[in-house]
Amino acid sequence: MTQPVALVGPLDRILFFRTLPAFDGLPASALGAIAQSAREAFFSKGSLLLDPNTPAEAFYVIVDGEAEIDRAGVEATVAGPGEAIGFVQLLARSAAGVGVRATRDTLTLELDWEDQLDICEQHFPVLVRYLRYLARRLLVGDRRGAVESRVIEPEWLPARALTFTERLFILRRCPAFPPTMLDAIAELARHVTEVRFQRGDGIWAAGDRADRFLVIAAGEVEVARSHQRVSRLGAGGTIGLLEAFAGTPRLGVARAEQPVIALQVELEPFLDILEDHFDLALGMMQLLAHLLLEQEGARD
Amino acid sequence: MRGFRGSSASSWLTQGLLSSVAQVRVEERGLALGAFLTLFGFMAGHALLETARDALFLASLPAVHLPWVYLGIAAFALSLAHRQPAFLQRLPATNELSGWLIVSSVVTAAFWIVIPFAGSWIFYGLYMWSGILATIVVVRFWTAVGNLFTVTQAKRIFPIVGAGSVGGAIVGSAVARTLTVAFAAQHIVIAAAVAFLLASVAPRLLGTDAGRRPSTTRPWDLARIGRDVWHRPYLRRVVLLILLATVTFTLVDFIFKLTVSRLVPDEELGSYFAGVYLTFNVMALAVQLLAVAWVVRRFGVHIALALVPLLVVLGSVGMVLTASLLAGLLLKSVDGSTRHTLYRTSTELLFVPLAVEVRGRAKAFIDVVGQRGGQALGSVLILVVLTATTSERAIALLLAVVAMGWLTVAWGLRRHYLDVFRETLSAEITDVRLHFPALDVTSLETLLAALNSPDDRRVIAALDLLQSQNKIPVVPALILYHPSSAVVIRALELFASAQRRDCEPLLSRLRGHPDPDVRAAALRFEAAVAADRAAIERALTDAAPQVRATAATALAAGGWASLEETVTNIRSQIVEGGRDAKIAVARALTAQPVSGLEPLLRELMVDGDAAVVREAVVAARGMRGSTLLPHLIELLAVRSARAEVRITLLAFGPGTIPRLASALADPTVSHAVRRHLPHAIGTFGTPAAADALLGHLQRETDGMVRFKILRALGRLRRDHPDIVLDGTLLQRAFTQTLATARSFMTSRRTLEASSDLRVTSTEAHSAIIALLRDKQQHAVERLMRLLNLQTSNDDYLHIYHGLHSRKREAQAGSRELLEHLLGPDRRQAMLELVDDLLDAGVGRTPEATSMDDYERVLVELLNGGIESLSSLAAQLIGDLRLTDLERPLAKRVPLSPEHRDVLVVAREAFDLGPLAEGTP
């Protein structure tokens, strides 16, 4: 149901996208690229924006009108102007669709997956904003503040400092990183620092600057907020990643429950690696979007 | 040597068949078999019918009546194209194909029943029926099959399917030859009906998706489709090609039959045609199995398309010269051996790059109009010539002219064929470069209206857009009374840069603004635009240190305070105000650079706070002191400051390029800085910048830095297409990168083929393979970027994008375009790399690697210059205690401290003792 006549001019689009949380603070060139790639799509009252039985191939930002989002077994919610629909599903490349129907005549701006790929690859700050947006939403919804992926059994690790190849193997096994992109992981292995903590050591405190995250190689870490444990992570787990992406201070305290060996990843070099290895960046974005869908599903 | 020739020929055919079958993937075999059997059955029936038809017709009627029959076929086929039987229209395409075969069987059987009771007129009907049948069934068949495969698959599978056509024709001709010994020619007709009936079962193997057509093609609206076709230059040429080809084949057929009817006795016609067609079909099978796939893959579609008309031209010249039965046979043999093989396969490939909807409509139109129109045109031409002469020579001369036209069109089609792929790939790519629209009155109104928005972000965005279009003078000064501090500060900055003196009366109110950052911004404006010394001095007593720091800097800029006094004052404000005061000083220096304050600025540039560093880098733009340059270069390693550093370096002028180039070449400069130098150099967009980058590309050993150089060159070339890059250097870099990519591929393939579980179960083994694959992928990207730098368009970037697409049509289209664009010296090597990555080993059954070969590759990786691969190789050697590799491990010199750590651990497995100190 796309109308051929442009109702939203290019400058209106830039101004419009500038007010959306996911695009907050983007440079004009990136915003302009997004605005330029977006297509107007008009939906008359009652028509489907997104089919619940088909994976989302595009997301829509409502310019004018209203749409009802319907997920199986969940009370329908209504989205209005300035709200994005299907955004997280698209970033997650989720196989499950979401049903969205216009409840009034609705004008939207549409961006499909291929547009997203091109924009993120050419304007990396867009991808960083997406990561920040997803991480912030995850932190708001999930009080744990850690990517608690499947926990891997601790392995024997040497008393000496870990070599490059050992660090590489640890990172490759970490569920937060797609294991196939080994060249990127090898570069990450060169940039991580090995850190060790004794039982009871504080790793960070609430309010500390979140400019790094840890991949646990051995031992266990407890994350607590207001003296209440919110998560406990072992080898293979990643802590502090969401806060680092979100750009917020530490929300809780992290402490070693057992002697811990971990790989510390500084955010800035990590973003550089993501910029140079776009597939890894895309993998991280998909991971966060997928976690957000899981989290919202669980909460619902 | 006994039987060598025969066994050699059959061995070639067998090998050709096996080789073609081997190209077909396991998952494609069901569909390929279905297509093969359908065509095999139909063509067997058609060969039987054709033999009977020709023998019966020429025995009862003169050959010069044939053009009228051709015309009749064309007219009926065109009429049937408009009106498909309703019961067939309701069927899915594959069932529709079965339906047509059943109809064919029934009608053919009816002819067999009627022939004994009818006069010679029935042979006109039989001839036309066989022609109409071939048109309809073959078109429906190839449309159905064309929708099943991508162009890459089609190139592998169509030769096999085409072999079904020829195989069926051979079997049909052989059966016809056998039957003519015992039966009259009319009884071969019923054998054809049986063959069609058997063939009707095979389309079921094609699945329900085959031949999926949009509903708009039913009923066929030839006029509308014709208009669509006419508007596409590529399709127009395909119509012309098929039209000329069909005229040519019609002329060849007539010349041959005219010669045969003149020279072969009527009673021998049946066995003569059966024998000749059998021979042609055997030749066709040989062509199909030995030549078609090879020609198409080796030389491309355009050469395959041009070969047949070239042979016809040569044959027609022979006919003009001799007018003999042998010349007629040779001419017809070109038709008989290539029409359903090389010609059919190559023309079918012309439709594959089209989108499914376009393909379905265009193919139906082109096949009907091109083939039947061609046949009609050919017939009319023959009839015109026959009014003057019945000489085969005259018709052969006409044939030579038409075939030359066909050859010309075929040769010129290449460019348009590639354009179709380009068009498809370009549609896949979004232009993500910002093209600001021209700011007309409506746009300006939009932006000014946005200044009234209650959303601060929208207001600031509007201000920035107005500034990008140099329209700050039209922004109302009253925006300085906006309730948001962020909006006021941004407006003040922009007003200051635009020297808006009309704002001065409003500043008095801002001096008492509760937000000190607004007061500081207002003070910067007063200092830069109004140079109001009194106002600045009053600000020295402001409660906020950032305002006092701004005032101190502004006094120095105005020459009203000494440097020493200013530095002391600023330092004391920084002690009290910390981050805010530092940012205020940097912003004040941005508004009014002060020579002599570079040391202070350098301190700010190494501050721990990212915002302070960023502001200091911006301030450096106005200072341009050469002492700042090393610090700015160092700051390229800092992500949050990097974009501003690049702009500042650009502001320092082109004299900076040699400094940046020398840092790029300096191995003591950290990798974190070096990897960002190419972008910084490329930002200058000058020939000097291009030379610096390209010159270093040859010397650089780090893959990431090389990649960054290529990206920077790509950006530079895109933004400044007039800059000429040194082709020799690019070619050298290409050759070097190609060799590297191939070495990654061959090493990986060798390691992958190991069947030794002790080796393959290790983590180091799988990591090496994954890493080699990644590196091959990156090398291919670098090769594409290098190729792109050597061309004036973005073909290779589109191809690279297409190869990474999740859509198989885009992947196949990219590969096809790549195959055509590359020169013969690069084609095979590049395609092998690309195919290897696309296929991910599917369909490849390599021989198992011996341990000796495995260890040889490990040693190569261990001794190579890539640290990650060398480390993993050392780890594997140590983990498995590969004693044969103890010596290479012992001799390995570490590349870095990290590499040394890995080597030390690996050496422990052999008790090799400590590694000698002093190594790099």
Side-chain angles (χ1 to χ4, degrees), chain A residues 9-12 14-20 24-25 27-37 112-119 121-123 125 158 160-169 172-173 179-187 189-191 267-269 271-272 275-277 279, chain B residues 428-437 439 442-443 446-447 450 453 455 457-458 460-462 464-465 468 610 637-640 642-643 671-672 675-676 703-704 707-708 763-764 767 769-771 773-775 777-778 801 804-806 867-869 871-872 874-875 896 898-899 901-902 904-905:
Chain A
L11 291 172
D12 286 312
I14 295 178
L15 296 171
F16 179 69
F17 280 119
R18 178 70 178 78
T19 59
L20 302 181
D24 186 22
S29 57
L31 268 179
I34 294 167
Q36 201 160 269
S37 309
D112 68 21
W113 176 244
E114 294 293 332
D115 295 334
Q116 290 298 314
L117 286 184
D118 291 334
I119 291 167
E121 192 167 11
Q122 298 294 322
H123 298 276
R160 58 166 169 75
L162 298 170
T163 63
F164 161 75
T165 45
E166 287 159 348
R167 295 197 301 268
L168 174 67
F169 295 156
R172 193 182 182 210
R173 284 183 231 138
T180 50
M181 297 145 194
L182 206 61
D183 204 22
I185 294 174
E187 193 173 349
R190 272 192 285 272
H191 285 86
L267 182 65
E268 281 228 345
L271 288 177
D272 277 347
E275 186 169 8
D276 292 336
H277 296 273
D279 287 342
Chain B
E428 293 276 313
I429 293 176
T430 310
D431 184 359
V432 292
R433 279 177 286 166
L434 177 59
H435 306 289
F436 266 119
L439 211 54
T442 314
S443 309
T446 302
L447 290 178
S453 168
D455 189 328
R457 291 170 303 183
R458 195 173 167 89
I460 293 173
D464 287 340
L465 286 171
S468 70
V638 180
R639 178 174 187 81
S640 54
R642 197 174 300 137
H671 185 260
R675 66 193 289 170
H676 297 294
M704 178 53 74
F707 172 69
K708 295 279 196 170
E763 188 155 15
I769 285 172
L771 197 53
R773 188 178 161 77
D774 271 10
K775 288 194 173 296
Q777 178 92 49
H778 293 151
H801 191 279
H804 279 74
S805 171
R806 298 198 316 170
E867 196 178 314
S868 51
L869 284 171
S871 299
L872 284 167
Q875 170 96 25
S896 71
E898 291 193 328
H899 191 215
D901 292 344
V902 177
V904 166
V905 173

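Only a predicted model underlies this, so the values are computations on that prediction, with no experimental measurement involved. Protein chains get the first letters and strands the later ones, always in sequence-line order, with residue 1 at the start of each.
With a threshold of 4.5 angstrom between heavy atoms, B/Ser453 does not approach chain A through any atom at all. Only the side chain of B/Val905 comes within contact range of chain A, with heavy atoms under 4.5 Å apart. For B/His899, no part sits under 4.5 Å from any heavy atom of chain A, backbone or side chain. Residue contact with chain A, scored on non-hydrogen atoms closer than 4.5 Å, involves the backbone and the side chain of B/Ala764 alike. Proximity to chain B (any heavy atom under 4.5 Å) is restricted, for A/Glu187, to the side chain, taken from C-beta onward. Contact of A/Leu162 with chain B is not made at all, since no heavy-atom distance falls under 4.5 Å.
At least one side-chain heavy atom of B/Gln875 sits less than 4.5 Å from a side-chain heavy atom of A/Phe169. Using a 4.5 Å heavy-atom threshold, the side chains of A/Arg190 and B/His671 count as separate. Looking at heavy atoms from C-beta onward, B/Leu465 lies in side-chain contact with A/Leu15 at the 4.5 angstrom threshold.
Comment: A/Asp272 engages B/Arg642 in a salt bridge, judged by a side-chain N to carboxylate O separation of less than 4.0 angstrom.
Of the listed residues (B/Val638, B/Leu771, B/Asp901), the one with the most heavy-atom contacts under 4.5 Å to chain A is B/Leu771. Interface check for chain A: of the options B/Arg675, B/Lys708, B/Glu867, the most heavy-atom pairs under 4.5 Å are formed by B/Arg675.
Judged as a salt bridge (Lys or Arg N to Asp or Glu O under 4.0 Å), and not counting sequence neighbours, the contacts of B/Glu898 are A/Arg167. Remark: B/Asp464 engages B/Arg490 in a salt bridge (Lys or Arg N to Asp or Glu O under 4.0 Å) (not counting sequence neighbours).
Rounding to the nearest 0.5 Å places CG of A/Asp276 at 4.0 Å from CE of B/Met704. With values rounded to the nearest 0.5 angstrom, B/Arg457 atom CZ is found 8.0 Å from A/Leu20 atom CG. Taken to the nearest 0.5 Å, the OG atom of B/Ser868 stands 8.0 Å off from the CG atom of A/Leu182.
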Discussion item. Is there a side-chain contact (heavy atoms from CB on, under 4.5 Å) between A/Arg172 and B/Glu763? Walk through the geometry before answering.
Written reply: CA-CA 10 Å; A/Arg172 193 182 182 210; B/Glu763 188 155 15; 4.1 Å; yes
